[in-house]
J.: 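First the structure, then my questions, so here it is.
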Amino acid sequence: MTHRLNKDYFRSRDALFLAEDLLGNFLVRRYENGKISKFRIVETEAYLGTDDLASHASKGRTKRTEIMFEEGGVIYAYLIYGMHWLLNIVTGPKNHPEAVLIRGVENCIGPGRVGKLIGLDRTFYGENLETSSRIWIEKGDITGKIISSPRIGVDYAGEIWKNKLWRFESK
DNA sequence: CAGAAGATCGGG
DNA sequence: CCGATCTTCTGC
């Protein structure tokens, strides 16, 4: 028996809460050939609102970031360094730009690796996690303890934001 | 319109 | 430590 997390789950809490709460849940991918794979989420980061200078949403509403302003429960996928697709889950209510970056799943650490693992590309931008037939999140149990630390690769965001302990790992 | 930098990764 | 590789944003 499995339990697919619905839109209410993603829109009713902020990215900071959900980044930690998503640990232990399963990222589920149904590939074109029908094969279904489930990956336990073990590392995440929260990007919160327009003030957070590490968040793309701090640039304002653009064609790239507009999905972050939508109601939680959809995917924000984007290409970084010309070769890595990163998976983000939009959270919170509409017009409240937040997202959780999936940095690692069991046996596969690194946001670019996760994107490659599940075959992420631009067509996943805006995908609805409640209704999609190819990607969704299922309830799982947390194992071990959770540690938090500064987010990776955001030194450009300034002292306030780069030092936020908004990266979460289940050990 | 040109140039720089990026929520990264793998190889040497 | 450096190159890959391309989108996005900034400045002139």
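Quick caveat: nothing in here was measured; it's all calculated off a predicted structure. First the proteins, then the strands, lettered A, B, ... as listed; each starts at 1.
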J.: Provide, to the nearest angstrom, the distance between the NE2 atom belonging to A/H84 and the P atom belonging to C/dC6.
T.: 12 Å

J.: Whole angstroms only, please: what is the CG-P distance between A/L53 and B/dA7?
T.: 12 Å

J.: Is A/R151 salt-bridged to A/E43, going by a charged N under 4.0 Å from an acidic O?
T.: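 Answer for the salt bridge query: no.
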
J.: Could you tell me the separation between the OH atom of A/Y76 and the P atom of C/dT7, rounded to a whole number of Å?
T.: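 In whole Å, C/dT7 P lies 14 Å from A/Y76 OH.
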
J.: Flag as yes if A/Y156 stacks onto the base of B/dG6 (centroids under 5.5 Å, planes under 30°), otherwise no.
T.: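 Here the ring of A/Y156 and the base of B/dG6 are not stacked, as the 5.5 Å and 30° limits are not both satisfied.
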
J.: Under a 4.0 Å N-O cut-off, is there an ion pair linking A/R11 with A/E71?
T.: yes

J.: Once you round it to whole Å, what is the distance between P of C/dC9 and CG of A/L79?
T.: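 So the two atoms are 13 Å apart, to the nearest Å.
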
J.: If every non-hydrogen atom of A/Y31 is compared with every non-hydrogen atom of A/I118, which pair is closest and at what distance?
T.: OH-CA, 3.7 Å

J.: For A/R122 and for A/M83, find the nucleotide of DNA chain C with the closest heavy atom, then tell me which residue's nucleotide is more 5'.
T.: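 Its nearest nucleotide being more 5', the pick is A/M83.
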
J.: Using a heavy-atom cut-off of 4.0 Å across all strands, would you classify A/L101 as base, sugar-phosphate, or nothing?
T.: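 Contact class for A/L101: base.
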
J.: Within the 4.0 Å heavy-atom criterion, would you say A/R64 contacts the bases, only the backbone, or no part of the nucleic acid?
T.: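 Touches sugar-phosphate only.
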
J.: How would you label the contact of A/G82 with the nucleic acid (heavy atoms, under 4.0 Å): base, sugar-phosphate, or nothing?
T.: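 Result for A/G82 = base.
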
J.: Can you tell me the distance, in whole Å, between the NE2 atom of A/H56 and the P atom of C/dT10?
T.: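 Roughly 12 Å, once rounded to whole Å.
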
